[in-house]
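A short write-up of the structure that comes next.
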Amino acid sequence: MFFNSLQFAIFLPVVFLAYWFIPNKSKTSQNFILIAASYYFYSCWDWRFLFLLLFSTLLVYFSGIELEKSSSQKLRKFWLYLTVILSLCLLGFFKYYNFFAKSFADVFNDIGFSVSPIILKIVLPVGISFYIFHGLSYIIDIYFKRIKAERNIIDYSLFVSYFPLLVAGPIERATHLLPQLKVKREFDFEKAKEGIYQIIWGLVKKVVVADTCAMYANAVFDHYNSMNSLSLILGAVYFAFQIYGDFSGYSDIALGTSKLFGIDLLKNFDYPYFSRDIAEFWRKWHISLTTWFRDYLYIPLGGSRGSKIFQIRNVFIIFLVSGFWHGASWTYIIWGFINAMYFIPLLVLNRNRNNLDTFKLSFNLNSLQILLNILITFIITCIAWIFFRAKTIHDAIEYIKRMVTDLRFAPQYFNFERYNYELIPMILLFVMVEWNNRYKIEPLSGKYSWLKVSLSIMAIIALGIFTDYKNFIYFQF
């Protein structure tokens, strides 16, 4: 079930009414309704993987209680390692088995041994990376005594399976979400209105921006060998806005949906394409994942302590793991490596924490420098996105090579009979709206909100009919 589907448009109001109008409602009944809705939501994709979600939930739940009860440090480590290893084995089998099988076979074949890998027809459970990471952060926090183990299995099950964040995040922390699930929620009209506005704006990002850009980006990347420089450059830009509109749009819908039930989720995007350097970009892109890696991998590795060599090592580990988390492909690993290479000069020069402030533009040289830095950061991000989008490393390299060598700038038609540069005005308008929204809580609130909401709904309906690209990119992760 997709957020941008008719099925979800029916599902959400039904759950909303059941949640708020159930007789004698209590915190337990509210949570039970959300669990039932979440398991139904997940079953609409493939009911068989409900057992995998349930197993992961029960594993971490009981391990957390046993870990907290254990007085022996060896026994505490046993429960921690058991949970982490089993969780990662589940993730590794479903997501990475075929990748490792093919990679090892390629290595042996390259040195002269004939090896035929055993390839399994494995279906990747949607959202497995997200709910596995929910459980890992929970058990690690218990081990380091940051939180107490949750005894109420209904509350914990909802923490893992809550449907707005189940399949594509944000990756929540027990310290933030569980306290909200342990109290009865009261209906707040203003929060619900904010939620509806945020859902509509998320749909604008997904249906109007991302899905429209996807048609052109797909056409360019699928036929890059016949594309000229202009089309290839635009293809990279379109994909940059596709993935941003797609994923941040999903996050907006998730946060807005959750507000309808009186629950706040972590902010996942903070206008990353207005970043002044790559370090700022990664503080604003997929915030819940980057902070997860920071807290549970980067800091335990030593973080920014120690020599520059160790700091550089830690940065490479974080970015390579982040790339590998996104998918079982060398293109994602190279994407992570490229971003590490972008980040290292800032680290070496101690500039990785320079742009922590907010900024406003005016007519002076400093503002011109800010705009130039934003443009440079966006360009190098687009170059990295090419590896993220390409099917193979060879395709990505050839794409970039043609982009800078085939210096033809004539318009090219696609099979849907539109120029590939017709999107530029829409993207520029979207950028201006995003820029104006940076200091607002909700993009569609404030003055003339009724007009902004009406225009947004009209655009969603009009372009939703025109485009047929429905999937969310991060469902595959």
Side-chain angles (χ1 to χ4, degrees), residues 1-58 60-62 64 125-127 130-131 134-135 138 150-200 202-203 250-266:
M1 186 189 304
F2 300 117
F3 282 167
N4 54 331
S5 66
L6 178 61
Q7 188 180 11
F8 185 77
I10 298 171
F11 166 83
L12 182 57
V14 170
V15 178
F16 178 84
L17 292 174
Y19 180 82
W20 287 117
F21 293 99
I22 184 173
N24 303 317
K25 64 175 178 289
S26 63
K27 179 269 291 185
T28 300
S29 62
Q30 287 179 326
N31 288 355
F32 186 80
I33 288 172
L34 290 180
I35 289 175
S38 298
Y39 272 72
Y40 173 77
F41 178 85
Y42 198 70
S43 71
C44 290
W45 175 73
D46 192 328
W47 66 268
R48 294 170 297 176
F49 288 107
L50 287 174
F51 298 104
L52 184 64
L53 174 61
L54 181 61
F55 173 78
S56 177
T57 300
L58 295 177
V60 180
Y61 171 75
F62 286 110
V126 66
F130 292 92
Y131 65 74
H134 283 134
Y138 172 80
E150 178 55 57
R151 258 64 177 182
N152 188 316
I153 193 168
I154 293 179
D155 294 351
Y156 178 74
S157 297
L158 180 57
F159 162 69
V160 176
S161 64
Y162 186 39
F163 75 88
L165 54 77
L166 177 58
V167 295
I171 302 173
E172 273 289 345
R173 307 291 183 88
T175 52
H176 179 254
L177 184 55
L178 265 176
Q180 299 183 72
L181 305 181
K182 295 187 69 61
V183 296
K184 179 183 175 183
R185 276 79 67 188
E186 299 294 339
F187 183 73
D188 184 332
F189 177 77
E190 287 303 318
K191 178 176 281 191
K193 187 171 71 171
E194 288 177 7
I196 292 172
Y197 285 171
Q198 197 162 7
I199 290 171
I200 294 172
L203 287 171
Y250 178 96
S251 295
D252 280 335
I253 299 170
L255 269 65
T257 298
S258 191
K259 286 179 181 178
L260 294 179
F261 302 104
I263 298 171
D264 293 317
L265 299 181
L266 294 170

- Task: Decide yes or no on side-chain contact (heavy atoms from CB on, under 4.5 Å) for V126 and L166, but give the supporting numbers first.
- Result: CA-CA 9 Å; V126 66; L166 177 58; over 6 Å; no

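- With sequence neighbours left out, the side-chain hydrogen bond (donor to acceptor under 3.5 Å, both in side chains) criterion links S161 to no other residue.
- Put simply, CD1 on I263 and CG on N31 are 7.0 Å apart, with the number rounded to the nearest 0.5 Å.
- Atoms OG1 and CG, from T28 and L158 in turn, are 11.0 Å apart once rounded to the nearest 0.5 Å.
- In this structure, L34 and R185 approach most closely via the heavy-atom pair CD1-NH2, 4.0 Å.
- Here S258 pairs with Y162 under the side-chain hydrogen bond (donor to acceptor under 3.5 Å, both in side chains) rule; sequence neighbours left out.
- Annotation: ring-ring contact (aromatic ring centres under 6.0 Å, His included) contacts of Y39 (sequence neighbours excluded): none.
- In this structure, the side chains of F163 and T257 come closer than 4.5 Å at one or more pairs of heavy atoms.
- With sequence neighbours left out, F189 forms a side-chain contact (heavy atoms from CB on, under 4.5 Å) with F187, K193.
- Once rounded to the nearest 0.5 Å, the distance linking CH2 of W47 with CG of L50 reads 8.5 Å.
- Atom OG of S56 and atom CZ of F49 lie 13.5 Å apart (nearest 0.5 Å).
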- Decide side-chain contact (heavy atoms from CB on, under 4.5 Å) for L203 and I199; before the verdict, give the C-alpha distance in whole Å, the side-chain angles of both, and the deciding distance to 0.1 Å. CA-CA 6 Å; L203 287 171; I199 290 171; 4.2 Å; yes

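- The two residues P170 and L266 come nearest to each other via the heavy atoms CG-O, 3.4 Å.
- Applying the salt bridge (charged side-chain N to carboxylate O under 4.0 Å, His left out) test to pairs two or more places apart or on separate chains, those with a residue in residues 164-176 are R173-D295.
- Side chain of Y19 to backbone of F261: a donor-acceptor contact under 3.5 angstrom is found.
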List the atom pairs, with distances to 0.1 Å, where a side-chain N or O of residues 6-15 and a protein N or O form a donor-acceptor pair under 3.5 Å, not counting sequence neighbours.
none

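- With hydrogens and angles disregarded, a donor-acceptor distance shorter than 3.5 Å links the side chain of T57 to the backbone of L53.
- Ring geometry for Y131 versus Y42: interplanar angle over 60°, hence perpendicular rather than tilted (30 to 60°).
- Identified under the salt bridge (charged side-chain N to carboxylate O under 4.0 Å, His left out) test for residues 155-169, with sequence neighbours left out: K27-D155, D155-K182.
- When every heavy atom of A254 is checked against every heavy atom of L265, the shortest pair comes out as O-CD1, 3.8 Å.
- Y61 places a side-chain N or O within 3.5 Å of a backbone atom of R151 that can act as its donor or acceptor partner.
- Here F55 pairs with L59, L90 under the side-chain contact (heavy atoms from CB on, under 4.5 Å) rule; sequence neighbours left out.
- In this structure, K25 has no salt bridge (Lys or Arg N to Asp or Glu O under 4.0 Å) partners at least two apart in sequence or on a different chain.
- The side-chain heavy atoms of Q198 and I253, taken from C-beta on, include no pair separated by under 4.5 Å.
- Remark: side-chain polar atoms of W45 are not paired, donor with acceptor, to backbone N or O of P125 under 3.5 angstrom.
- For the side-chain hydrogen bond (donor to acceptor under 3.5 Å, both in side chains) test, no residue two or more places apart in sequence or in another chain qualifies with D188.
- Atom OG of S251 and atom CG of L165 lie 10.0 Å apart (nearest 0.5 Å).
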- Evaluation steps, ring pair (Phe, Tyr, Trp, His ring centres under 6.0 Å), between F3 and Y250: CA-CA 8 Å; F3 282 167; Y250 178 96; 4.6 Å; yes

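- Within a 6.0 Å radius of OH in Y40, no more than 12 heavy atoms belonging to other residues, nucleotides or ligands are found.
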- Candidate pair V60 and V160, rule side-chain contact (heavy atoms from CB on, under 4.5 Å), full reasoning: CA-CA 10 Å; V60 180; V160 176; over 6 Å; no

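- Note: E186 CD to Q30 CD = 7.5 Å, rounded to the nearest 0.5 Å.
- Smallest separation of non-hydrogen atoms from D264 and K191: OD2-NZ, 3.2 Å.
- Applying the side-chain contact (heavy atoms from CB on, under 4.5 Å) test to A174 and every residue at least two apart in sequence or in another chain returns Y138, I147, F159, L178.
- Legend: salt bridge (charged side-chain N to carboxylate O under 4.0 Å, His left out) pairs involving residues 44-53, not counting sequence neighbours, sorted by first then second residue: D46-R48.
- Shortest non-hydrogen contact noted between G202 and D252 is CA-CB, 3.7 Å.
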